[in-house]
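Positions are given from 1 along the sequence.
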Amino acid sequence: MTSSNAPLAFVIGQPIAHSRSPLLHGYWLKALGMVGAYERREVSPEGLPRFFAEMRDGHFAGCNVTVPHKEKTLSLVEEATAAARAIGAVNTVWREYDRLIGDNTDAYGFLTNLDERAPGWDSRGRQAVVLGAGGAARAVVFSLLSRGFHITILNRTTERAEALARQFGAQVAAASLRDMERLLGTCDLLVNTTSLGMQGKPALELDLAALRAGAIVNDIVYVPLETALLRTARARGHVTIDGLGMLIHQAVPGFERWFGARPVPDADLRAILEADIAATG
Ligand code: ATR
């Protein structure tokens, strides 16, 4: 139970039943002994303006935004952070008086996960290969640019990779899948941002024989926790990083905005999420 003026936040999307965000925020509310609530709410594209109007009127503190509303939300908030504008999508909204502020915390989550799982990952070589050219790739490219990386984007649809590279400037290039072997040979970090390897999707079939020995491999997929890509990379002796930490860390800034305390992700939370993934997929 929460008192009537306790802060309330939502995760909105369509569908929304599978979101693990309530598990995450619920854990922190309890661990920190805080008054507040975090709930799923299914919102249709047509219902989005009305939802934000309610937020402006003070009915709740804020929300996370997921598929299919991340891009549209950018045009519905009064102000967007530099990250949200560069990525072209909003995943976290809070209210300041009657103005809504939109942020994109995926970049923060992505970088914090790598910093945690592979300290010093960005202080050796700075050549990255990013697989995919969708919304998740935009957040990853934006993140890696902030750490001084040179990035090559590879994607099934080459034109999408080229468009993304153009948007981000000289440090970012697009290449054809035919160049994969050559690029893997000089790569320090390989990131999968495609939906391949996700439960219910085809596996990402990638020959890692050419991958440079010291390269780190990160898959932002977290269901399953260890994708075929990570399994193959681990067997070849690469440092591998799954996507669960990105999910956890991207949630931190929103929690702090809505509920007023900054949670510190701990091993218990990760264990709870791992168990939930193992049980429900
Ligand atoms: P998100 O916003 O989660 O990144 P998206 O914009 O739909 O989602 O992008 C999905 C990415 O996975 C794209 O890079 C997509 O490649 P295309 O741009 O060629 O569509 C990639 N992807 C999805 N299914 C794929 C498949 N069967 N083979 C190769 N790439 C695939």
Side-chain angles (χ1 to χ4, degrees), residues 18 20 23-24 106-141 143-144 147 149 151-156 161 175 177 180-251 265 267 269-281:
H18 297 296
R20 286 189 168 82
L23 189 57
L24 255 163
D106 282 339
Y108 167 80
F110 174 77
L111 292 173
T112 309
N113 185 36
L114 289 184
D115 288 340
E116 181 181 277
R117 310 294 282 190
W121 65 277
D122 59 345
S123 63
R124 298 186 286 264
R126 292 214 170 94
Q127 295 290 337
V129 170
V130 172
L131 306 175
R138 281 208 302 274
V140 167
V141 169
S143 306
L144 292 174
R147 297 289 180 97
F149 273 74
I151 301 145
T152 306
I153 306 168
L154 293 171
N155 193 46
R156 173 179 61 179
L177 289 170
M180 177 81 78
E181 195 173 319
R182 176 179 61 78
L183 290 165
L184 291 183
T186 54
C187 162
D188 303 298
L189 175 71
L190 173 64
V191 186
N192 175 44
T193 75
T194 74
S195 46
L196 295 176
M198 234 179 243
Q199 191 177 66
K201 299 279 161 81
L204 174 58
E205 313 268 2
L206 200 59
D207 184 355
L208 295 182
L211 185 59
R212 203 179 65 71
I216 295 170
V217 181
N218 178 203
D219 200 330
I220 70 165
V221 168
Y222 57 88
V223 182
L225 211 48
E226 188 175 60
T227 57
L229 171 69
L230 293 186
R231 196 160 45 249
T232 308
R234 187 164 57 85
R236 298 186 65 87
H238 293 279
V239 170
T240 59
I241 303 170
D242 62 61
L244 184 56
M246 179 176 172
L247 174 75
I248 295 171
H249 287 292
Q250 63 76 32
L269 173 59
R270 188 175 165 99
I272 288 168
L273 287 163
E274 281 186 13
D276 187 64
I277 289 167
T280 60

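The side-chain heavy atoms of Arg20 and Thr280, taken from C-beta on, include a pair separated by under 4.5 Å. Within the 4.5 Å cutoff, side-chain heavy atoms of Leu189 are placed close to those of Leu144. In this structure, the side chains of Leu131 and Met180 come closer than 4.5 Å at one or more pairs of heavy atoms.
Taking every heavy atom of both residues into account, Ala128 and Phe149 meet most closely at CB-CD2, 3.8 Å. Closest approach of Ala133 to Thr193, counting heavy atoms only: N-OG1, 4.5 Å. Minimum interatomic distance between Pro224 and Gly197 (heavy atoms only, all atoms of both residues): CD-O, 3.3 Å. Across every non-hydrogen atom of Gly132 and Ile153, the tightest pair is O-CG2, 3.3 Å. Of all heavy-atom pairs spanning Ala175 and Leu154, the tightest one is O-CD2, 3.3 Å. Taking both residues in full, the closest heavy atoms of Glu116 and His249 are given as OE1-NE2, 3.0 Å, listed atom of the first, atom of the second, then distance.
Considering OG1 of Thr232 and CZ of Arg234, their distance stands at 9.5 Å, rounded to 0.5 Å. With rounding to the nearest 0.5 angstrom, the CD1 atom of Ile220 is 8.5 Å from the OG1 atom of Thr194. Atom CG of Leu269 sits about 7.5 Å away from atom CG of Leu23, to the nearest 0.5 Å. Interatomic distance, Met198 CE to Asn192 CG, rounded to the nearest 0.5 Å: 8.5 Å. Here the OG1 atom belonging to Thr227 is positioned 3.5 Å from the CG atom belonging to Asp219, to the nearest 0.5 angstrom.
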Without placing hydrogens or testing angles, list every side-chain donor-acceptor pair under 3.5 Å for residues 204-218, not counting sequence neighbours.
from, atom 1, to, atom 2, distance (Å)
Asp207, OD1, Ala209, N, 3.0
Arg212, NE, Cys187, O, 3.2
Arg212, NE, Asp188, OD1, 3.4
Arg212, NH2, Asp188, OD1, 2.8
Asn218, ND2, Ile241, O, 2.9

Please output the side-chain donor-acceptor pairs of residues 106-115 that fall under 3.5 Å, not counting sequence neighbours, one pair per line with the distance.
from, atom 1, to, atom 2, distance (Å)
Asp106, OD1, Asn91, ND2, 3.2
Asp106, OD2, Lys70, NZ, 3.1
Tyr108, OH, Arg262, NH2, 3.0
Thr112, OG1, Tyr108, O, 2.6
Asn113, ND2, Asp242, O, 3.1
Asp115, OD1, Trp121, NE1, 2.6
Asp115, OD1, Arg147, NH1, 3.0
Asp115, OD2, Arg147, NH2, 2.8

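Heavy atoms from other residues, nucleotides or ligands lying under 6.0 Å from CD of Glu274 number more than 12.
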